[in-house]
There are 2 protein chains.
Amino acid sequence: MAERKDEILAAAIAIADERGLEAVSMRSVADRVGVTPMALYPYVGSKTALLDAMYGRIVNEYVPDLAAAADWRERMRSLATAARSLAKQRPWVVSLMLSRPSVVLDAVRVTDALYQALLDAGVPDADVPRIERLLSTFFLGYSASESGGRFGARTQNPRGSRGQLPEGRLPGHARLAPWLDQAPDWDAEFDADLRDLEALILAKASRHQS
Amino acid sequence: MAERKDEILAAAIAIADERGLEAVSMRSVADRVGVTPMALYPYVGSKTALLDAMYGRIVNEYVPDLAAAADWRERMRSLATAARSLAKQRPWVVSLMLSRPSVVLDAVRVTDALYQALLDAGVPDADVPRIERLLSTFFLGYSASESGGRFGARTQNPRGSRGQLPEGRLPGHARLAPWLDQAPDWDAEFDADLRDLEALILAKASRHQS
DNA sequence: ACCTGAACACCGTTCAAGT
DNA sequence: ACCTGAACACCGTTCAAGT
């Protein structure tokens, strides 16, 4: 009985990997399992529940082994990097993460790991939940933007009423042109962002100790 | 002719406001305009193009008047606050922002305003594009998390294999329990986040001047 | 120039029925 | 216990036809 549900989940994930989340329908999943759409309902409940289950299973696979790294910085980095590589390999998971409350149990485990990293860094208890949200929001947003294509926009032609980028009315873009024309190295950028955020965390921590 | 397109856009936005983005279909929009679904195509091209057009129109309405505020901090705050209140009043816009490249012209104008705020703050030119992405990613992610329900999760029961939150295996949650049980004030939290990010920006700026 | 109607290949889900 | 088949109320889009 649990086997059947696993089979259904695996089929749904395979379809999402191959043809995207919008190709996952009760009909397409049922087809792959070799059964009628209605046969799925006793196992998955509804389409929404199926999506939740897919999310939970994937997050669970990607959560890095956190006991391994002793330094809070390393643990934070490995969590952030896991989110990012998850988004890169399975972009459809990001849509799920942002479109529904993160009540999936495996997601809560990740939150807990970040809590502990911040506590170890010396952030006062009262500030930890907020800083955790700040960080996870950024990690999620970065992953979503990168894999969703929001970052790659500059190279494309803006879709506007006139279709052309009016550089004259965009003084910031004009001044920064030399840095905007070279395509960024997203790995390096994420690294630099992490360093800046580590500094932010340490500032919170040292203010506490003094 | 442009009138007809405006009428279609207004109908689509009204439906999204009233019944969510998923209620926006070519059929429902056509119904509201009092026309057949096929009559929309000459004006909007496709459903995707219709969504883009909705996005552009809304962003345009919400971009705050930036010439007004002299201080870069105020300008940054008003941009961030605009994003957040947009997300609160029209949650469906956030899905659009994250699910497609931000090539809509009006969105580029917002980016430019943030560039200028950072330049005025004294951030070195070479760092501005990255920091702008860091900030806009956070603003977007925060807005999405808040309006999409990702933040509200703690109060609900986590959906997991067992259905109950196993506090024993979540030491971080256990230690932070006193601060996790009181529901956060999201306005105050966003304010605190903005202050932390301003400090991050000033650190980048002063390192440059020395 | 602007719109309609029928059609095609899809959706999630309910309900009664089969073995 | 597990699955099917028909049906309902939906999708986006193409294509030929009407005025």
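Hydrogens, waters and symmetry mates play no part in the numbers below; they use all other heavy atoms, side chains included. Residue numbers begin at 1 in each chain, while the letters A, B, ... track the order of the sequences.
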- Note on the structure: note: B:Met26, atom CE; D:dC11, atom C1'; distance rounded to Å ~ 11 Å
- Note on the structure: Taken to the nearest whole Å, CD1/B:Ile8 to C1'/C:dC2 is 12 Å
- Message: Go through it in stages, so that I can follow the logic: the residues are A:Glu7 and A:Arg4, the test is salt bridge (Lys or Arg N to Asp or Glu O under 4.0 Å), and I'd like the CA-CA distance, side-chain angles, deciding distance and then a yes or no.
- Response: CA-CA 5 Å; A:Glu7 200 187 342; A:Arg4 200 57 160 160; 2.9 Å; yes
- Is B:Arg32 paired with B:Glu18 through a side-chain N to carboxylate O contact shorter than 4.0 Å? yes
- Taking the side chain of B:Tyr41 as heavy atoms from C-beta outward, which of D:dC2, D:dT4, D:dG12 is closest to it? D:dG12
- Tell me which nucleotide among C:dT13, C:dC3, D:dC3 gets nearest to the side chain of A:Val35. D:dC3
- Message: I want to confirm an ordering. Mapping A:Met38 and A:Ser28 to their closest nucleotides on DNA chain C, which one lands closer to the 5' end?
- Response: A:Ser28
- Message: Whether B:Arg4 contacts C:dA1 is assessed here as follows: a side-chain N or O lying under 4.0 Å from the phosphate OP1 or OP2. Is that the case?
- Response: no
- Message: Measure CG/B:Asp31 against C1'/C:dT4 and give the value in whole Å, please.
- Response: 14 Å
- Output yes when at least one side-chain N/O atom of B:Thr36 is less than 4.0 Å from OP1 or OP2 of C:dC3, else no. no
- Message: What is the separation between atom CD on B:Glu3 and atom P on C:dC2, rounded to the nearest whole Å?
- Response: 12 Å
- Note on the structure: Distance col, row A:Met76:CE vs A:Glu198:CD, nearest 0.5 angstrom, shows 5.0 Å
- Query: Do B:Leu135 and B:Leu114 have side chains that get closer than 4.5 Å, going by heavy atoms?
  - Reply: yes
- Message: Tell me whether the side-chain N/O atoms of A:Arg27 come closer than 4.0 Å to OP1 or OP2 in C:dT13.
- Response: no
- Message: In this structure, how many angstroms lie between the C1' atom of D:dT14 and the CG atom of B:Leu40, rounded?
- Response: 15 Å
- Give me the one residue out of B:Ile8, B:Leu51, B:Asp52 that meets side chain to side chain contact (heavy atoms under 4.5 Å, CB included) with B:Val44. B:Ile8
- Query: Which base, if any, makes a Watson-Crick or G-U wobble pair with D:dT14, both distances under 3.5 Å?
  - Reply: C:dA6
- Query: Distance between the C1' atoms of D:dC8 and C:dC11, in whole angstroms?
  - Reply: 12 Å
- Query: When the distance from CG of B:Leu21 to C1' of D:dC11 is rounded to whole Å, what number comes out?
  - Reply: 14 Å
